[in-house]
Amino acid sequence: MIKPSDKLTKAFNQQIGHEMAAYLQYLAVAAYFTAETLPELAKFFFNQADEERTHAMKFLHFLLDVGAEAAIPDIKAPKPRFASAEEAVKLALKNEEKVTGQIYDLVELARGEKSLAAQRFLDWFVVEQQEEEATMSALLATLRRAGESGLLHVEDYLARQGGVLATPPAGAGEAT
Ligand SMILES: [Fe+2]
Ligand SMILES: [Fe+2]
């Protein structure tokens, strides 16, 4: 097994920080929705937060598996208050777009260093980010359609969907 370079190790450690920052930000958003008595939206963000923690763990375990040093950076405090549901979800979507850029940069780095292991590892994140952006865009579109006065419709919708806002599976709606 080839140990990643110091540069790649540092970048992966930084990504642990970004994923944990997203974890904390989604907890803050979930707390906001809980305080607003919007339990389905709160649940959605508690679940998203769990996913971000899992992402951080994946990066940490990759470093440990290849014998690289784990050095978790300072983690930025999340934004605690929001003026509206839309503002909170817009922030989440912007964050997902930012993370996608970070993952793409990591892919470039891994490619440049010919680290096949890191490239394969990152493949999962490329697909995951596509899903996360699609889910967050769908939630934002749903919120905008309902408007701030229609948040209970969003709650009903989320409850019906079981909190899943993914796009329809490939092949759905196609003629057989
Ligand atoms: Fe993530
Ligand atoms: Fe995410």
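Whatever order the structure lists ligands and atoms in, that order sets their numbers, starting from 1.
- One finds no salt bridge joining Lys94 and Glu133 here, because no Lys/Arg side-chain nitrogen approaches an Asp/Glu carboxylate oxygen to under 4.0 Å.
- Distance check for His55 against the Fe ion (ligand 1): an N/O/S atom falls below 2.8 Å.
- Look at Glu87 and Lys90 and you find no salt bridge, because none of the NZ, NE, NH1 or NH2 atoms lies under 4.0 Å from a carboxylate O.
- Judged by a 6.0 Å distance limit and a 45° cone about the ring axis, Lys58 is not positioned over the six-membered ring of Phe62.
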Go through it in stages, so that I can follow the logic: the residues are Asp123 and Arg120, the test is salt bridge (Lys or Arg N to Asp or Glu O under 4.0 Å), and I'd like the CA-CA distance, side-chain angles, deciding distance and then a yes or no.
CA-CA 5 Å; Asp123 280 347; Arg120 290 286 167 275; 3.8 Å; yes
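- The nearest N, O or S atom of Glu96 is not closer to the Fe ion (ligand 1) than 2.8 Å.
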Please step through salt bridge (Lys or Arg N to Asp or Glu O under 4.0 Å) for the pair Arg111 and Glu108, ending with a clear verdict.
CA-CA 5 Å; Arg111 222 185 251 157; Glu108 284 303 311; 3.1 Å; yes
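- Considering just the N/O/S atoms of Glu132, the one nearest the Fe ion (ligand 2) carries the name OE1.
- Distances from the Fe ion (ligand 1) to each N, O or S atom of Glu19 single out OE1 as the nearest.
- Looking at Glu52 and the Fe ion (ligand 2) together, the shortest N, O or S contact belongs to OE2.
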